[in-house]
Amino acid sequence: MATAKANHLPDLAHYVIRPALVEAKLMTEKHARDAVYAATLTEELRNIEVKIAATEKALQLGSFATSIQHRPCCAPKDRPDAKWIREKSSELDLRLRRIEESSKQR
């Protein structure tokens, strides 16, 4: 997984966020059994969610909860499973697309 040094969302989305989201969407049950890999990917999703939330706030897009059911990025208590990681990735992808569409309209 890449580490972001850029603060510019289009570059960040292209080089860091999108690849991480794609990787998370490809998560399998076998990969999820690797505790270190799953924990690393979960942490990456948390970091992405923070960046997306900050951008939503800066763009004054309002609460994402109004457009789809928003669940905070907290993994299940024991360990994140492949299904949770894929669902969180899909949610973050939708939020990122919403930001990108909003930015094009401005």
Side-chain angles (χ1 to χ4, degrees):
M1 277 156 261
T3 303
K5 292 188 179 182
N7 290 328
H8 194 252
L9 185 66
D11 291 338
L12 192 63
H14 182 72
Y15 293 109
V16 178
I17 294 175
R18 290 252 180 251
L21 294 178
V22 168
E23 184 175 351
K25 285 180 184 177
L26 296 173
M27 173 65 83
T28 64
E29 292 300 327
K30 182 179 178 183
H31 286 119
R33 286 192 293 264
D34 180 344
V36 174
Y37 180 74
T40 302
L41 195 51
T42 300
E43 185 64 27
E44 186 76 16
L45 291 176
R46 286 186 181 117
N47 293 335
I48 289 169
E49 184 167 43
V50 167
K51 288 174 180 60
I52 288 174
T55 304
E56 287 171 335
K57 185 176 179 180
L59 293 174
Q60 299 175 345
L61 292 178
S63 174
F64 186 71
T66 59
S67 57
I68 70 166
Q69 181 184 2
H70 174 67
R71 291 159 286 173
C73 193
C74 35
K77 294 191 188 276
D78 52 354
R79 194 164 82 181
D81 62 358
K83 181 178 184 267
W84 181 88
I85 290 173
R86 288 190 304 265
E87 287 174 354
K88 181 51 77 172
S89 174
S90 294
E91 174 195 323
L92 294 174
D93 185 50
L94 287 173
R95 291 171 69 181
L96 183 59
R97 288 179 193 278
R98 181 175 175 228
I99 289 169
E100 291 170 339
E101 288 172 11
S102 174
S103 296
K104 289 178 185 176
Q105 294 173 355
R106 291 178 186 236

Side chain to side chain contact (heavy atoms under 4.5 Å, CB included) between R18 and D93: does it pass, once the steps are laid out? CA-CA 8 Å; R18 290 252 180 251; D93 185 50; 2.4 Å; yes

When hydrophobic residues are tied together by side-chain contacts of less than 4.5 Å, even through go-betweens, does L26 share a cluster with L45? no

Side-chain heavy atoms under 4.5 angstrom apart, residues restricted to Ile, Leu, Val, Met, Phe, Trp, Tyr: same cluster for L41 and Y15? yes

same_hphob_cluster(L59, I48) at 4.5 Å side-chain heavy-atom cutoff: yes

With a 3.5 Å distance limit and no angle check, can you tell me whether T55 reaches the backbone of K51 through a side-chain donor-acceptor pair? yes

Are E29 and K83 within salt-bridge range, i.e. N to O under 4.0 Å? no

Report yes or no: do V16 and Y37 belong to one cluster of Ile/Leu/Val/Met/Phe/Trp/Tyr joined by side chain heavy-atom distances under 4.5 Å? yes

Side-chain (S89) to main-chain (I85) donor-acceptor, under 3.5 angstrom: no

Could you tell me whether a side-chain N or O of R86 sits under 3.5 Å from a main-chain N or O of M27, the two making a donor and an acceptor? yes

Would you call R46 and E43 a salt bridge, using N to O less than 4.0 angstrom? yes

May I ask you to test the L21-I17 pair for a side-chain heavy-atom distance under 4.5 Å? yes

Set of salt bridge (Lys or Arg N to Asp or Glu O under 4.0 Å) partners for K57, sequence neighbours left out: none

Pair R97 + E100: basic N to acidic O under 4.0 Å: no

Stepwise side chain to side chain contact (heavy atoms under 4.5 Å, CB included) test for E44 and E23: CA-CA 11 Å; E44 186 76 16; E23 184 175 351; over 6 Å; no

Straight-line distance of E101 CD to L96 CG, nearest 0.5 Å: 10.0 Å

